[in-house]
Participant: 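Take a look at the following structure, please.
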Amino acid sequence: MHGPEYEDRCARPFSPPTVTFADVNLAVPRHLRRKSLVRGLFYVGRDAAFSYLFYVLAGHIDTAPFLQRIGYWALPVRTAMWMAYWFWQGVAWTGFWSLAHEAGHGNLSEHYQANYALGFILHTFLMIPHFSWRYTHYMHHKYANSLERDENFIPSTRSEYGLPLEGAATETDYDELFADAPFYTLLKMLRMQLIGMQAYLCLNAMGSKAYPPGTNHFSPSSPLFRPKDRHLIIATNIGLAVMATILVRWTWVVGVATFVKIYFVPYLLANHWIVMHTYLQHSDPTIPHYRTGEWTWVRGALSTVDRPLLGWVGRFFIHNLAHDHIAHHLFPMIPFYNQPQVTEVIKPVLKEHYNYDSTNTFYALYRTFTRCIFVEDEGGVLFYKDMKGNTARSIKAEHDKSL
């Protein structure tokens with residue numbers, strides 16, 4: 001079930017990359033760096049049009065005349081139609097998030113005002129605090145896969161779990177902590193997929209441990225933000241309050257059931273796709289994290305995996321974000337529509353340090369959730385350990401001796 005690329009990484013001892021940004025930068029043609037407001041607006045309009053189409057079609061599901069003529073088949077057919085709406089609308093709204101993400105990087109236009117406005121509108125529709133997220137996402141790009149400085153999906157350590165030292169820990173020690181029943185493991189994974197985004201924004205769940213308890217993305221005085229950014233955090237909160245008011249008033253008119261079917265379920269599924277691809281981008285048994293002394297910006301940027309999330313659907317609606325994430329981390333200011341070409345030109349430069357995984361993404365999610373459990377308290381280059389305290393990948397001997 002593992003992709004051959006994943007198995008190859010497992011079999012190949014790891015040595016941190018020594019390639020420089022200058023090497024990679026030389027491979028990228030100048031024309032791929034250009035941005036176009038017209039093109040950016042085209043993608044925003046296209047995604048909005050598809051979302052509106054799905055909304056209009058959903059409005060006819062419960063009243064479709066042919067359902068009256070198929071007797072007992074009406075319920076399963078109606079259910080299948082709602083499930084189709086939920087899937088496609090959830091994917092379309094993930095596209096909204098991806099375009100807001102691009103706006104956060106300044107990629108929908110050369111003009112920052114246009115990026116601010118488009119990102120704010122798209123994220124606010126999904127009840128995501130745009131300017132708050134934008135700043136912590138910037139810090140993630142600045143310190144990707146640094147155990148001390150990265151912003152989200154920070155690995156827990158052996159000592160945080162209360163495990164004995166590596167040489168003293170027994171199989172029983174691991175089993176007592178991690179031997180959950182499969183159904184309980186599935187419930188924990190579903191919890192992360194459905195409310196993981198909200199838990200991070202509201203509670204800093206799986207966020208940097210450098211921040212005090214109570215850190216969140218909504219308080220203007222949060223330690224996440226600089227004092228000069230507080231007016232943007234306030235604007236974000238006002239936008240969310242307005243959107244919440246719109247949703248409440250709309251629900252009052254159409255009823256709770258319609259709100260759940262039309263907005264809330266696609267909203268949850270959009271959260272699922274967002275958490276899925278952001279989690280898997282940097283969390284994998286074969287991808288390292290670094291501590292100070294071994295971490296560099298290039299090493300952090302290369303500590304990610306390109307995945308074919310949803311195939312052509314992911315390319316079309318999620319705008320290459322999962323397919324070309326290495327290119328995005330190396331060149332976050334290049335628009336998403338040029339990233340497939342960037343990926344192709346940097347592959348020969350990166351060689352074995354270009355990470356791709358054709359593993360089914362749902363299986364990769366389960367694999368990462370059950371095998372990326374903790375890292376050691378010491379060491380500069382660290383791979384996740386599983387529920388038995390084992391790593392999927394070793395460090396090349398000559399580098400291991402130098403740590």
Participant: Any chance you could measure L122, atom CG, to D47, atom CG, to the nearest 0.5 Å?
Facilitator: 8.5 Å

Participant: Do the rings of H277 and W97 sit parallel, tilted or perpendicular, given the 30° and 60° boundaries?
Facilitator: perpendicular

Participant: Are the charged groups of D150 and K142 less than 4.0 angstrom apart, N to O?
Facilitator: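 K142 and D150: not salt-bridged.
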
Participant: So Y354 and Y356, would you call those rings parallel, tilted or perpendicular, with 30° and 60° as cut-offs?
Facilitator: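 If you compare the ring of Y354 with that of Y356, the planes turn out parallel.
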
Participant: Quick test of your reading of the model: are K35 and E110 salt-bridged, counting only N-O distances below 4.0 Å?
Facilitator: no

Participant: Name the residue from H289, E294, K209 that meets the side chain to side chain contact (heavy atoms under 4.5 Å, CB included) definition with L147.
Facilitator: H289

Participant: Could you tell me if R134 and H123 have a donor-acceptor pair between their side chains, going purely by distance under 3.5 Å?
Facilitator: no

Participant: Donor-acceptor pair, Y267 side chain versus V260 backbone, under 3.5 Å?
Facilitator: no

Participant: Mark yes when over 12 heavy atoms from residues, nucleotides or ligands other than R149 sit less than 6.0 Å from its CZ; otherwise mark no.
Facilitator: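 No, CZ of R149 has 12 or fewer neighbouring heavy atoms, counting only those of other groups under 6.0 Å.
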
Participant: Quick one: do the N115 and S109 side chains pair a donor with an acceptor below 3.5 Å?
Facilitator: no

Participant: Aromatic rings F331 and F21: how do their planes relate, parallel, tilted or perpendicular, breaks at 30° and 60°?
Facilitator: tilted

Participant: N145 side chain to G300 main-chain N or O, any donor-acceptor pair under 3.5 Å?
Facilitator: no

Participant: Using a distance-only test with no angle check, is there a side-chain donor-acceptor pair under 3.5 angstrom linking N216 and S219?
Facilitator: no

Participant: Would E378 and R291 pass as an ion pair if we require N to O under 4.0 Å?
Facilitator: no

Participant: Pair F54, Y85 - check ring pair (Phe, Tyr, Trp, His ring centres under 6.0 Å), show working.
Facilitator: CA-CA 6 Å; F54 299 148; Y85 166 74; 7.3 Å; no

Participant: Decide, yes or no, whether a salt bridge links D284 with R371 under the criterion of side-chain N to carboxylate O below 4.0 Å.
Facilitator: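 Salt bridge flag = no for R371 with D284.
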
Participant: Could R12 and E352 be called an ion pair, given the rule that one side-chain N must be under 4.0 Å from one carboxylate O?
Facilitator: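 Judged by the 4.0 Å cut-off on N to carboxylate O distance, R12 and E352 do not form a salt bridge.
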
Participant: Give the C-alpha distance, both sets of side-chain angles, the deciding distance and a yes or no for ring pair (Phe, Tyr, Trp, His ring centres under 6.0 Å) between Y337 and H319.
Facilitator: CA-CA 7 Å; Y337 42 78; H319 305 293; 9.6 Å; no

Participant: Find the distance between CG (L201) and OG1 (T136) and round it off to the nearest 0.5 Å.
Facilitator: 7.5 Å

Participant: Is the shortest distance from a Lys or Arg side-chain nitrogen in R307 or D357 to a carboxylate oxygen in the other one below 4.0 Å?
Facilitator: yes

Participant: What I'd like to find out is whether the side chain of D306 reaches to under 4.5 Å of the side chain of N355, using heavy atoms alone.
Facilitator: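 No. Closest side-chain heavy atoms not under 4.5 Å.
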
Participant: So, applying side-chain hydrogen bond (donor to acceptor under 3.5 Å, both in side chains) with N320, which one of E102, H325, R315 is it?
Facilitator: R315

Participant: Looking only at atom types and distance, does a side-chain atom of T124 sit under 3.5 Å from a main-chain N or O of M127, one as donor and one as acceptor?
Facilitator: no

Participant: Any side-chain heavy-atom pair from W93 and S51 closer than 4.5 angstrom?
Facilitator: yes

Participant: Pair Q198, N271 - check side chain to side chain donor-acceptor pair (under 3.5 Å), show working.
Facilitator: CA-CA 9 Å; Q198 293 76 16; N271 276 269; 2.8 Å; yes

Participant: Find the distance between CG (L269) and OG1 (T94) and round it off to the nearest 0.5 Å.
Facilitator: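 Separation between the atoms: 8.0 Å.
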
Participant: To check you understand the geometry: which heavy-atom pair defines the closest contact between W133 and A100, and what is its length?
Facilitator: CZ3-O, 4.3 Å

Participant: Can a donor-acceptor pair be found between the side chains of D23 and T20 at a distance below 3.5 Å?
Facilitator: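 Checked: D23/T20 side chains pair up, N/O donor to acceptor below 3.5 Å.
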
Participant: Return the orientation label for the H101 and H141 ring planes: parallel under 30°, perpendicular over 60°, tilted otherwise.
Facilitator: tilted

Participant: Which heavy atom of A169 sits nearest a heavy atom of Y174, and at what distance?
Facilitator: CB-OH, 3.6 Å

Participant: For H282 and H329, which I'm curious about, is there any donor-acceptor pair between the side chains at under 3.5 Å?
Facilitator: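 Yes.
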
Participant: Test side chain to side chain donor-acceptor pair (under 3.5 Å) on Y135 and E151 and set out the steps.
Facilitator: CA-CA 10 Å; Y135 182 71; E151 286 290 327; over 6 Å; no

Participant: Does F316 have R46 sitting over its ring (NZ/CZ under 6.0 Å from centre, angle to axis within 45°)?
Facilitator: yes

Participant: Is a side-chain N or O of N360 found less than 3.5 angstrom from the main chain of M1, in a donor-acceptor match?
Facilitator: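 Not at all, since once roles are kept as given, no pair shorter than 3.5 Å links the two residues.
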
Participant: Would you call the rings of F374 and F178 parallel, tilted or perpendicular, taking 30° and 60° as the class edges?
Facilitator: parallel

Participant: Please evaluate residues Y116 and Y112 with respect to the criterion ring pair (Phe, Tyr, Trp, His ring centres under 6.0 Å), reporting the C-alpha separation (whole Å), side-chain torsions for both, the decisive distance (0.1 Å), and the verdict.
Facilitator: CA-CA 6 Å; Y116 272 33; Y112 82 90; 5.4 Å; yes

Participant: Given ring pair (Phe, Tyr, Trp, His ring centres under 6.0 Å), test F50 with F317 step by step and report yes or no.
Facilitator: CA-CA 10 Å; F50 270 105; F317 280 107; 5.5 Å; yes

Participant: Could you tell me whether R393 sits above the aromatic face of Y6, with NZ or CZ closer than 6.0 angstrom to the six-membered ring centre and within 45 degrees of the axis?
Facilitator: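 No, a cation-pi geometry is absent between R393 and Y6.
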
Participant: Determine, stepwise, if the pair T157 / E376 fulfils side chain to side chain donor-acceptor pair (under 3.5 Å).
Facilitator: CA-CA 6 Å; T157 63; E376 293 294 342; over 6 Å; no

Participant: Could you check whether R230 makes a cation-pi contact with F225, meaning its NZ or CZ is under 6.0 Å from the centre of the six-membered ring and within 45° of the ring axis?
Facilitator: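 Judged by the rule (NZ or CZ under 6.0 Å from the ring centre, within 45° of its axis), R230 is not positioned above F225.
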
Participant: Using only atom types and a distance under 3.5 Å, with no angle test, would you say the side chain of T304 pairs donor to acceptor with the backbone of Q281?
Facilitator: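 Here the side-chain-to-backbone pair exists.
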
